[in-house]
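The chains referred to below are lettered A, B, ... by the order of the sequence lines, with proteins before strands, and numbering in each begins at 1.
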There are 2 protein chains.
Amino acid sequence: MAETLDIGNLLKHTRLFEDFDADDMAVLARDCRTQRVARHDIVFNRGDHADGFYVVAVGAIKLVLPGPHGQRKVIEFFGPGQCFGEPFMFINRPYAADAQAMEDSLLVWIGKPAIDAALDVHPHLARQMLAGLSARLHTLMCDIETVKLQSANERLVGYLLSLPRKFDRTRFPCSKSLVASKLGLAPATLSRVLRQLIQDGLILVEGRDVVIPNSVALERQLQAA
Amino acid sequence: MAETLDIGNLLKHTRLFEDFDADDMAVLARDCRTQRVARHDIVFNRGDHADGFYVVAVGAIKLVLPGPHGQRKVIEFFGPGQCFGEPFMFINRPYAADAQAMEDSLLVWIGKPAIDAALDVHPHLARQMLAGLSARLHTLMCDIETVKLQSANERLVGYLLSLPRKFDRTRFPCSKSLVASKLGLAPATLSRVLRQLIQDGLILVEGRDVVIPNSVALERQLQAA
DNA sequence: CGGAGCATTGAAGCGTTTCAATGTAGGTGG
DNA sequence: CCACCTACATTGAAACGCTTCAATGCTCCG
């Protein structure tokens with residue numbers, strides 16, 4: 001019972017379930033579970049059966065695609081309020097990627113029957129999920145552009161400009177190795193490209209912090225060359 | 001009026017609208033248009049405002065991502081009954097890719113207000129759209145795997161094995177240049193890899209037709225090396 | 001027959017990866 | 001408080017795989 005209330009509290013602040021009242025939530029919660037995972041823990045493996053999906057309450061999760069020769073590529077990151085795994089559930093296919101916790105996290109698992117029932121009654125939920133999937137489709141398309149159509153330099157510059165900035169300062173949201181993987185680069189390459197940008201006077205780097213003194217000059221990198 | 005009936009006929013055989021009755025369809029059709037496009041015609045351009053989406057009635061459409069240096073990469077193909085453009089509509093962002101007709105085609109355009117209204121009343125429509133988006137998200141993830149994690153050889157072998165087969169025969173669904181683009185390869189590279197597979201006795205190629213005498217041997221290509 | 005579009009082939013070049021060595025930072029235990 | 005350890009980051013040299021360019025071949029259709 002305490003667990004049920006807990007789930008309601010965790011979910012009702014997410015976009016997905018913002019229009020759920022206490023009753024709706026109680027029904028939903030019957031087919032939900034909370035799940036604590038420690039940093040580096042696996043949430044699911046590629047190939048596992050997807051009979052539900054997850055909402056991040058606290059923490060950060062990464063979706064990683066394993067290649068045939070042991071390489072790994074990060075596809076997406078998920079933070080509080082975001083859900084993951086639902087595309088596989090909707091098409092009744094096993095997970096195509098691994099999900100792993102980047103930090104100690106608290107997740108809510110929601111069973112397929114529960115969400116199916118909720119979709120019949122809550123157009124708002126459907127709309128939010130449609131928007132969520134659409135946004136991710138959009139980013140994935142851009143990622144394909146990134147990975148396939150842009151040079152290492154362009155990828156990094158585009159990524160830097162896409163990060164939230166405070167005045168002339170930005171910050172990598174995670175380790176450089178992970179950033180490299182997201183951009184489809186070898187960590188060594190990321191390092192080299194960063195150095196080049198520094199030498200060209202376009203950025204300054206201190207650990208995860210990046211200073212962009214002249215963002216216009218940086219943007220010119222994308223058109224030029 | 002003739003146009004309205006026309007649209008109803010075109011749409012009611014698609015999965016998306018299979019549970020619509022005549023009244024539902026009439027309401028929807030008020031905010032729809034049919035659109036004929038000839039081979040090579042542009043349906044929309046990257047950057048255009050997405051205030052609706054398209055359903056393919058007849059023909060074939062490709063979504064193409066333009067790179068910063070004039071390269072182009074095919075992201076998706078759409079055939080009869082499939083819809084495209086809706087991810088951009090749902091997130092109120094301009095199209096991120098170009099849509100172009102691969103053959104003379106007949107499309108139905110559906111306005112955002114109409115689909116919004118329909119979603120409130122038809123959970124089935126929502127579910128179908130969720131499934132459609134999920135499936136495409138799934139394929140895009142696999143495409144990223146293809147483009148980034150696999151060699152040219154692996155990409156082609158994987159692709160060949162994924163094509164529908166009749167006994168030991170398959171067929172490229174479109175020109176080799178387009179296949180190459182979908183696989184993220186230069187046409188020249190596709191040509192070379194095909195030749196290698198032929199020399200290794202794994203396939204036979206005649207124009208668009210491909211014979212796979214021993215699919216098990218071909219699958220071994222994916223694990224080996 | 002001739003032309004357009006697609007496919008093939010070779011040679012050369014380029015960007016990224018790989019590998020391995022070295023450097024650096026943050027956290028832990030003596 | 002320092003020494004150590006682990007994980008991450010950097011750097012260089014070499015190699016690899018794909019692309020590019022350009023020439024040639026092929027095939028279908030007017």
Side-chain angles (χ1 to χ4, degrees), chain A residues 38-40 62 67-74 100-104 144 146-159 171-199 203-210 221 225, chain B residues 38-40 62 67-74 100 102-104 144 146-157 159 171-199 203-210 221 225:
Chain A
R39 190 165 128 94
H40 296 146
K62 64 182 176 192
H69 311 304
Q71 329 97 301
R72 300 169 70 73
K73 160 116 182 57
V74 172
Q100 190 175 14
M102 298 164 65
E103 321 166 355
D104 296 352
I144 289 195
T146 298
V147 164
K148 190 61 210 179
L149 262 27
Q150 296 179 185
S151 68
N153 190 301
E154 290 165 328
R155 290 182 225 181
L156 177 57
V157 170
Y159 181 73
R171 196 156 203 292
F172 290 122
C174 53
S175 73
K176 290 181 187 169
S177 317
L178 276 182
V179 172
S181 175
K182 182 89 203 305
L183 295 177
L185 297 174
T189 307
L190 178 64
S191 203
R192 280 184 250 271
V193 178
L194 273 175
R195 180 157 50 92
Q196 186 60 51
L197 289 178
I198 295 168
Q199 282 180 7
I203 59 171
L204 295 172
V205 179
E206 282 175 48
R208 286 193 188 174
D209 289 307
V210 182
Q221 290 273 308
Chain B
R39 189 164 127 95
H40 296 148
K62 65 181 174 192
H69 312 304
Q71 329 97 299
R72 300 169 69 73
K73 160 114 184 61
V74 172
Q100 190 175 15
M102 298 164 65
E103 322 166 355
D104 296 352
I144 289 195
T146 298
V147 165
K148 190 62 210 177
L149 262 27
Q150 296 178 186
S151 68
N153 191 300
E154 291 164 328
R155 289 182 226 181
L156 177 56
V157 170
Y159 181 72
R171 197 154 201 295
F172 290 122
C174 53
S175 73
K176 289 182 189 171
S177 317
L178 276 183
V179 172
S181 175
K182 183 87 203 305
L183 296 177
L185 296 174
T189 307
L190 179 64
S191 203
R192 280 184 251 271
V193 178
L194 273 175
R195 179 158 52 91
Q196 186 59 51
L197 288 178
I198 295 169
Q199 282 179 6
I203 60 171
L204 295 171
V205 178
E206 283 175 47
R208 286 193 188 174
D209 289 307
V210 182
Q221 290 273 308

Visitor: Which nucleotide in the list D/dA9, C/dT9, C/dT17 gets nearest to the side chain of B/Lys148?
Guide: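 Of all the options, the side chain of B/Lys148 is nearest to C/dT17.
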Visitor: What's the separation between atom OG in B/Ser151 and atom CD in B/Gln221, rounded to the nearest 0.5 Å?
Guide: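 So the OG of B/Ser151 and the CD of B/Gln221 are separated by 9.0 Å.
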Visitor: Scan A/Ser175 against the nucleic acid and name what it touches under 4.0 Å (heavy atoms): base, sugar-phosphate only, or nothing.
Guide: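 Sugar-phosphate only.
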Visitor: Would you call B/Asp104 and B/Arg39 a salt bridge, using N to O less than 4.0 angstrom?
Guide: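 Here B/Asp104 does not pair with B/Arg39 in a salt bridge, since their nearest N and O are not under 4.0 Å apart.
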Visitor: Among D/dT20, C/dT16, D/dT11, find the nucleotide with the atom closest to the side chain of B/Ala188.
Guide: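 Selected nucleotide (nearest to the side chain): D/dT20.
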Visitor: Looking only at the side chain of A/Arg195 (C-beta and beyond, no hydrogens), which of the listed nucleotides D/dG12, D/dA9, D/dT19 gets closest?
Guide: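 Among D/dG12, D/dA9, D/dT19, the one nearest the side chain of A/Arg195 is D/dG12.
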Visitor: What does B/Arg192 touch in the nucleic acid at a heavy-atom separation under 4.0 angstrom: a base, only the sugar-phosphate, or nothing?
Guide: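 Counting heavy atoms under 4.0 Å across all strands, the contact made by B/Arg192 includes a base.
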Visitor: Taking atom CD1 of B/Ile203 and atom CG of B/Asp209, what is their separation to the nearest 0.5 Å?
Guide: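 Nearest 0.5 Å value for the CD1-CG distance: 12.0 Å.
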Visitor: What's the NZ-C1' distance between B/Lys176 and D/dC26, to the nearest Å?
Guide: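 My rounded result for the distance is 11 Å.
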Visitor: Can you name the one residue among A/Leu204, A/Val205, A/Asn153, A/Val210 that meets side-chain contact (heavy atoms from CB on, under 4.5 Å) with A/Leu197?
Guide: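 Exactly one pass, corresponding to A/Asn153.
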Visitor: For the side chain of B/Ala186, starting at C-beta, report the closest nucleotide among D/dA9, C/dT9, D/dT19.
Guide: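 Of the candidates, D/dT19 comes closest.
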Visitor: Rounding to a whole Å, what distance do you find between A/Leu156:CG and D/dA9:C1'?
Guide: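 From A/Leu156 CG to D/dA9 C1': 15 Å.
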Visitor: So which nucleotide from D/dC18, C/dA7, D/dA9 ends up closest to the side chain of A/Ser177?
Guide: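 That would be D/dA9.
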Visitor: For a quick check of understanding: with a heavy-atom distance under 4.0 Å over all strands, which category does B/Leu185 fall into, base, sugar-phosphate or nothing?
Guide: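 Sugar-phosphate contact only.
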